[in-house]
**Student:** 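First the structure, then my questions, so here it is.
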Amino acid sequence: MKIEEVKVIVTCPGRNYVLVKIVTDKGIYGVGEATLNGRELAVAKVLQEYVGPYLIGKDPNNIEDIWQELFRGTYWRGGPVLMTALSGVDMALWDIKGKIANLPVYSLLGGKTRNKVRAYLHCSGESFEETLKKCEKAIKNGCTALRVTTGTPGYPDAEASAEDMKRLMKSEKITKLWEPAPYMQMLPKLLKYLRQELGEEIDLIIDVHSRLNPIQACRLAKDIEKYKPFFIEDPIRPEFKDGLRLLRSHTTVPIAVGEHYFTKWNCLSLISEHLIDFLRIDVSHAGGITESKKIAAIAEAYSIDMAFHGPLDMSPIGHAANVHLDMSIPNFGIQEWVFHDPKVHEVFRGGPEYYNGYLTVPDEPGLGVDIDEKAAKKYKYKRSYLPTLRREDGSVWEW
Ligand code: GCO
Ligand code: MG
């Protein structure tokens with residue numbers, strides 16, 4: 001079998017997605033996710049100009065060899081653009097292998113270790129009451145783990161709201177004000193309020209989005225420890241891995257990090273020094289299914305569970321890859337899940353299904369998700385930036 005064509009599909013059904021479709025000479029094809037939020041066309045160009053033409057004529061069965069060649073063959077390796085391109089190709093090759101074997105990808109990865117995958121949902125409101133309402137809705141929908149945030153009083157919610165998203169999708173630049181101190185005061189109050197209203201049983205998750213420095217993260221973790229969060233995510237910037245050691249020494253709040261990391265080498269010290277409890281790599285950035293499976297195995301040796309990144313800027317293809325991995329690894333922790341805009345479901349058929357707090361994937365060969373190319377064409381790419389945060393004094397902060 002030979003790779004005959006590598007198509008790059010860029011579509012925007014509400015959000016921009018970059019998709020890889022690898023077509024073989026036997027008519028079997030596979031699809032992969034190569035979306036890099038905010039820099040989408042950089043990846044599309046790498047795929048169109050370099051990776052795609054290079055793959056023509058290769059045997060799609062040799063996933064590991066293709067991975068090694070694409071990773072090591074660039075000499076200057078790694079980084080978000082090249083790793084996202086490689087991840088998309090890798091996913092598409094697993095999809096092809098599943099179709100050849102007539103088995104779902106989770107089966108190729110070793111088979112089911114569970115029947116369904118526990119999911120958490122986002123609940124973010126401008127006020128405590130609004131956040132509570134969203135939590136109650138998610139709980140009614142069977143969910144038992146919630147990622148909660150609220151705008152800090154006097155400050156806009158740092159998360160991009162639906163209104164912000166509309167502006168961002170028109171290429172507008174959005175700058176919001178943010179300060180660590182009021183955020184650090186607000187968060188323990190939010191958790192106290194939600195614990196009072198929702199009780200002890202629900203798991204609550206906090207995503208700090210790398211906005212604190214190590215000592216601020218320590219103080220926040222100590223302040224929220226009594227509310228027993230399921231984990232605190234990205235408490236500090238990804239560059240400051242050492243800061244996690246300090247955080248560890250001050251708190252028993254479980255720590256989740258990883259959506260900014262690529263490859264096993266990048267994750268190695270997080271794991272081997274046990275700086276975290278949940279590893280949240282993004283399958284479409286870290287190196288695809290091949291690399292994610294290896295990283296999960298390294299984490300397994302340290303009793304660290306996987307909580308793969310599952311944001312809105314990932315299409316159902318990336319989410320499907322997440323769930324296939326979750327279904328097959330022994331050290332699954334929890335899966336982030338989002339409900340896409342209905343337009344997304346015009347472009348993608350299949351993909352993971354949410355029911356009563358859990359996710360499953362269809363028992364179909366491959367990833368079990370496909371692209372309707374005609375529908376994809378309808379939704380043209382729209383340049384869109386990520387929001388910027390600035391402090392009161394005007395300086396740039398982490399969004
Ligand atoms: C998450 C993430 C996302 C990111 C987004 C950036 O935990 O889901 O933090 O919301 O902000 O993926 O592109
Ligand atoms: Mg996050």
Side-chain angles (χ1 to χ4, degrees), residues 12 14-18 33-43 80-81 83-84 87 119-124 134 138 143 145-151 156-162 164-165 168-169 174 176 178 183 187 203-212 217 220 229-238 244 254-262 267 270 276-286 306-319 321-323 326 333-341 344 352 359 382-389 397-399:
C12 185
R15 301 288 295 241
N16 289 311
Y17 299 116
V18 177
E33 171 94 43
T35 307
L36 181 62
N37 191 18
R39 295 292 184 271
E40 299 86 0
L41 296 188
V43 182
V81 175
M83 288 310 293
T84 305
S87 303
Y120 73 84
L121 301 177
H122 296 187
C123 301
S124 157
K134 298 220 171 138
C143 196
L146 313 169
R147 190 188 91 169
V148 295
T149 61
T150 297
D157 189 357
E159 298 245 325
S161 64
D164 292 340
M165 272 322 298
L168 291 168
M169 294 315 294
I174 294 187
K176 292 187 183 188
W178 195 84
Y183 170 78
L187 208 64
D203 280 319
L204 299 174
I205 288 170
I206 308 296
D207 185 354
V208 179
H209 236 243
S210 319
R211 291 184 190 127
L212 297 178
L220 178 70
F230 188 76
F231 60 62
I232 183 172
E233 175 183 336
D234 288 340
I236 58 177
R237 271 162 52 181
L244 294 173
I255 301 169
V257 163
E259 63 186 65
H260 303 96
Y261 293 94
F262 317 101
C267 296
L270 286 176
I276 56 170
D277 303 280
F278 293 91
L279 184 54
R280 285 182 45 70
I281 48 165
D282 185 310
V283 183
S284 57
H285 302 323
M306 302 307 291
F308 292 105
H309 189 213
L312 265 180
D313 44 273
M314 175 183 270
S315 84
I317 299 178
H319 284 275
N322 281 344
V323 179
D326 297 335
I334 198 158
Q335 181 57 57
E336 178 179 29
W337 178 248
V338 285
F339 294 103
H340 285 109
D341 189 298
V344 171
L359 295 163
K382 292 181 183 163
R383 181 184 299 124
S384 93
Y385 303 104
L386 302 181
T388 304
L389 292 190
W397 207 246
E398 327 301 318
W399 168 67

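Each ligand, and each atom within it, is numbered from 1 in the order the structure gives.
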**Student:** Answer with yes or no whether R147 contacts ligand 1, where contact means a heavy atom under 4.0 Å from a ligand atom.
**Tutor:**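 Checking ligand 1 against R147, which is what was asked, there is a heavy-atom contact under 4.0 Å.
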**Student:** Under 6.0 Å between ring centres, would you say that holds for H319 and H340?
**Tutor:**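 Close enough - the centres of the two rings lie under 6.0 Å apart.
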**Student:** Measure from the Mg ion (ligand 2) to every N/O/S atom of D207 and report the name of the nearest one.
**Tutor:** OD2
**Student:** May I ask you to check if any N/O/S atom from D234 comes under 2.8 Å of the Mg ion (ligand 2)?
**Tutor:**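 Under 2.8 Å: D234 has no N, O or S contact with the Mg ion (ligand 2).
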**Student:** Hey, could you give me the CG/CG distance between L41 and L36, rounded to the nearest 0.5 Å?
**Tutor:** 10.5 Å
**Student:** Under 4.0 angstrom from ligand 1, any heavy atom of E233?
**Tutor:**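 Checking ligand 1 against E233, which is what was asked, there is a heavy-atom contact under 4.0 Å.
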**Student:** Quick one: which of H209, H260, M314 has a heavy atom closest to atom 4 (C) of ligand 1?
**Tutor:** H209
**Student:** Return yes or no for this condition: an N or O of H122 is under 3.5 Å from an N or O of ligand 1.
**Tutor:**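 So ligand 1 has no N or O lying under 3.5 Å from an N or O of H122.
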**Student:** Should the proximity of H309 to ligand 1, defined as any heavy atom under 4.0 Å, be assigned to the side chain, the backbone, both, or neither?
**Tutor:** side chain
**Student:** Does any N/O atom on E259 come nearer than 3.5 Å to any N/O atom on ligand 1?
**Tutor:** yes
**Student:** Assess whether side-chain contact (heavy atoms from CB on, under 4.5 Å) is satisfied between Y120 and F231, documenting all intermediate values.
**Tutor:** CA-CA 12 Å; Y120 73 84; F231 60 62; 4.1 Å; yes
**Student:** Donor-acceptor pair, S284 side chain versus A34 backbone, under 3.5 Å?
**Tutor:** no
**Student:** Under 4.0 Å from any heavy atom of P311, which atoms of ligand 1 are there?
**Tutor:** 3 (C), 8 (O), 12 (O)
**Student:** Identify which one of R147, R211, K176 satisfies the salt bridge (charged side-chain N to carboxylate O under 4.0 Å, His left out) criterion when paired with E159.
**Tutor:** R147
**Student:** Which is closest to atom 12 (O) of ligand 1 in terms of heavy atoms, T35, D313, D207?
**Tutor:**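 Checking each option, the heavy atom nearest atom 12 (O) of ligand 1 is found in D313.
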**Student:** Give, for atom CZ of R383 and atom CD of E40, the distance between the pair rounded to the nearest 0.5 Å.
**Tutor:**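 Reported value, rounded in 0.5 Å steps: 10.5 Å.
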**Student:** Show which atoms of ligand 1 fall inside a sub-4.0 Å distance from at least one heavy-atom site of W399.
**Tutor:** 11 (O)
**Student:** Out of all atoms in ligand 1, which are within 4.0 Å of some heavy atom of R280? Include the element for each.
**Tutor:**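 Those of ligand 1 that fall under 4.0 Å from R280 are 1 (C), 7 (O).
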**Student:** Would you mind running through ligand 1 and noting each atom that sits below 4.0 Å from a heavy atom of N37?
**Tutor:**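 Those qualifying, in numeric order: 6 (C), 13 (O).
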**Student:** Does a side chain donor of either S124 or T149 reach within less than 3.5 Å of an acceptor in the other side chain?
**Tutor:**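 Present: a donor and an acceptor within the cut-off.
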